[in-house]
Amino acid sequence: MMESQWLLSLGGGMLVGLSALILMLFNGRVAGISGILAGALQQKAPWRLLFLLGLGAGAWLALTLGWASMPALTTLPGWPVVLLAGLLVGIGTRLGNGCTSGHGICGMGRLSVRSIAATLAFMAVGFITVFFTHHIL
């Protein structure tokens, strides 16, 4: 199974890129999940809800067909930590005018300097956070 894991990962990445490209070509929109979710919650356009449902359906299908598996979660943080983390991610998304999918996939694919800077910033913060929480605390 491990030999084919990189192929599944490559295929998944290609499908994410293809879906972002299709959304840009046919709808003129960037596949930034935070913006799509915000628009769906405000009931701006039906395609947003369909896009989000497709994300969930794709994950469910991959799990059902055995193409993916859920990792074993051995330690979970408490609800206060989860809520604080979600709040900080939401604040960062608003401050950065986009999320990992918008900047990291679509923006970098378009060679946007702003998206490259944003992606470098949130990846660096993610690395520092993991190092701090796993090795310092």
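Since this is a predicted model, take the numbers as computed values, not measurements.
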Can you tell me how far [atom2] of [Y] sits from [atom1] of [X], rounded to the nearest 0.5 angstrom?
X: His103; Y: Ser34; atom1: NE2; atom2: OG; answer: 8.0 Å
X: Leu88; Y: Leu95; atom1: CG; atom2: CG; answer: 10.5 Å
X: Leu49; Y: Gln43; atom1: CG; atom2: CD; answer: 9.0 Å
X: Met108; Y: Arg114; atom1: CE; atom2: CZ; answer: 14.0 Å
X: Ser19; Y: Ile105; atom1: OG; atom2: CD1; answer: 7.5 Å
X: Ile22; Y: Leu18; atom1: CD1; atom2: CG; answer: 4.0 Å

Residue pair Cys106 / Ala31: nearest heavy atoms and the distance that separates them: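 That would be SG-N, 3.5 Å.
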Heavy-atom side-chain proximity of Phe122 to Thr119 below 4.5 angstrom: yes
Is there a donor-acceptor pair under 3.5 Å between the side chain of [X] and the backbone N or O of [Y]?
X: Arg48; Y: Ala38; answer: no
X: Thr133; Y: Val130; answer: yes
X: His135; Y: Phe131; answer: no

Transitive ILVMFWY cluster of Leu55, excluding itself - 4.5 Å side-chain cut-off: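 Besides Leu55, the cluster holds Leu23, Ile33, Ile36, Leu37, Leu41, Trp47, Phe51, Leu52.
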Shared hydrophobic cluster, Leu7 / Met14 (ILVMFWY, side-chain heavy atoms < 4.5 Å): yes
